[in-house]
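As C-alpha cells, the structure follows; a few thoughts come after it.
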Amino acid sequence: GRGDLNLIAIWRFIQNADGYLGVTGGVKFPTGVTNGTKPDRDLVAAAAEENGEELEPDWEKYEIELQPGTGSYDFPIGGVFRYVSGPVTFKGNAVYIIKTKGARQFEFGDVLTTSLVTDVVLNPESALMRTSVGLDVNFQYEEKQTVHGHKIADSGGRILLMGPTI
C-alpha cells in the first residue's frame, strides 16, 4: 500500500556561488495504510480454532513497524549546508524529527539524523561527464519506541554508517 506523505521545505538564507546555508522543516501526514493483514490469516485462524487457542487482538495485522504508514503526524526540523572549494564539495545536514503517537497507540522514538558528504571531482575540465569520489558519513540516534505508553526495551539506539561515494 501507499506510505505516509511528507511535506518538506528548505529555506536557504545564505546562498552564493560557493554554496548555501539553510534550515529545513516540514510535516509527515498519516496518509499511509496502517492495517495491512498477513496473507495466511485464514489458515492461522482455522488452526487456532481447531486447537482451541485464543488469538490476541490485531493478531492478523502486520506489526506497525512493517506497515507502509504510521498513523502519526511527525515534524522534522533542521539545518542544511553545501560548500564548494575548487574540486572539493562538502554537503551536510542535521535533522531532528519529533514523532507523535500513531496507529494502535504506537509511537516511534524521536530521531536525530546527521549526514556529511565530501566529494572530490577528478576531472573538473570534462564537459561530457564529471567523475568524483568521496566519503559519506551518517549518524542516527533514535529514542525508545513506546506502545500504550510503555517503552519498548529493545528499540532505539545509535548507528554510524560510512562509505565511499562515486
Side-chain angles (χ1 to χ4, degrees), residues 1-13 15 20-82 90-119 134-166:
R2 69 180 193 287
D4 291 341
L5 173 69
N6 287 286
L7 179 62
I8 306 291
I10 298 175
W11 176 47
R12 296 177 182 165
F13 56 87
Q15 186 167 352
Y20 59 81
L21 183 63
V23 293
T24 184
V27 179
K28 182 191 66 68
F29 296 94
T31 57
V33 174
T34 61
N35 60 354
T37 56
K38 298 174 182 172
D40 61 350
R41 67 179 189 256
D42 294 331
L43 293 172
V44 173
E49 184 178 331
E50 184 177 298
N51 295 328
E53 298 172 359
E54 191 170 319
L55 297 169
E56 296 286 324
D58 290 335
W59 68 269
E60 76 280 359
K61 295 179 184 174
Y62 282 114
E63 292 78 4
I64 197 66
E65 304 97 306
L66 301 177
Q67 298 286 350
T70 61
S72 69
Y73 287 91
D74 299 338
F75 305 94
I77 186 165
V80 297
F81 78 93
R82 179 172 187 252
F90 300 94
K91 299 176 276 191
N93 65 60
V95 177
Y96 188 83
I97 306 169
I98 301 165
K99 305 281 188 157
T100 64
K101 192 175 293 181
R104 293 188 245 161
Q105 299 297 304
F106 188 91
E107 185 174 345
F108 287 93
D110 288 358
V111 174
L112 170 66
T113 182
T114 61
S115 176
L116 177 62
V117 179
T118 304
D119 285 322
L135 180 66
D136 187 356
V137 179
N138 295 279
F139 172 76
Q140 181 171 307
Y141 168 76
E142 181 183 5
E143 293 179 346
K144 300 263 185 220
Q145 300 168 351
T146 61
V147 63
H148 297 286
H150 301 286
K151 288 185 179 178
I152 300 172
D154 64 346
S155 67
R158 296 170 182 83
I159 188 166
L160 177 65
L161 303 170
M162 294 176 44
T165 63
I166 299 176

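Worth knowing before you read on, the calculation uses all heavy atoms, side chains too, and leaves out hydrogens, waters and symmetry mates.
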Taken to the nearest 0.5 Å, the spacing of Leu116 CG from Phe81 CZ works out to 5.0 Å

Leu66 meets the side-chain contact (heavy atoms from CB on, under 4.5 Å) criterion, sequence neighbours left out, with Tyr62, Glu63

Taking every heavy atom of Asp4 against every heavy atom of Gly69, the minimum-distance pair comes out as OD1-CA, 3.3 Å

Across all chains, not counting sequence neighbours, the side-chain contact (heavy atoms from CB on, under 4.5 Å) partners of Thr24 are Ile8, Ile10, Val80, Val95

Open item on the list: Looking at Leu21, I want to see if its CG is surrounded by more than 12 non-hydrogen atoms of other residues, nucleotides or ligands under 6.0 Å.
Closed with: yes

By side chain to side chain donor-acceptor pair (under 3.5 Å), Tyr73 pairs with (sequence neighbours left out) none

Here the gap from Asn6 atom CG to Phe29 atom CZ, rounded to the nearest 0.5 Å, amounts to 9.0 Å

Rounded to the nearest 0.5 Å, the CD1 atom of Ile97 sits from the CD1 atom of Ile77 at a distance of 11.5 Å

Those residues at least two apart in sequence (or on a different chain) that pass salt bridge (charged side-chain N to carboxylate O under 4.0 Å, His left out) with Lys101 are none

Rounded to the nearest 0.5 angstrom, the OH-CD distance for Tyr141 and Glu143 is 5.0 Å

Sorted by chain and residue number, the side chain to side chain donor-acceptor pair (under 3.5 Å) partners of Thr118 (sequence neighbours excluded) come out as none

Residue set satisfying side chain to side chain donor-acceptor pair (under 3.5 Å) with Thr31, at least two apart, ordered chain then number -> none

Residue set satisfying side chain to side chain donor-acceptor pair (under 3.5 Å) with Asp119, at least two apart, ordered chain then number -> Thr165

Scanning both residues in full, the closest heavy-atom pair of Pro68 with Arg2 reads CB-O, 3.3 Å

Residues pairing under ring-ring contact (aromatic ring centres under 6.0 Å, His included) where one sits in residues 91-114, two or more places apart or in two chains, turn out to be Phe106-Phe108

Heavy-atom donor-acceptor pair, Asp110 side chain to Ile98 backbone, under 3.5 Å: no

Determine all donor-acceptor pairs shorter than 3.5 Å in which one atom belongs to a side chain in residues 150-163; sequence neighbours excluded.
residue, atom, partner, partner atom, Å
Ser155, OG, Gln145, N, 2.8
Ser155, OG, Ile152, O, 2.7

Sequence neighbours excluded, the answer for salt bridge (charged side-chain N to carboxylate O under 4.0 Å, His left out) partners of Asp74 is Lys28, Lys99

Of all heavy-atom pairs linking Pro30 and Gly71, the shortest is CB-C, 3.4 Å

Return yes if some donor-acceptor pair links the side-chain N/O of Arg104 with the main-chain N/O of Thr34 below 3.5 Å, else return no. yes

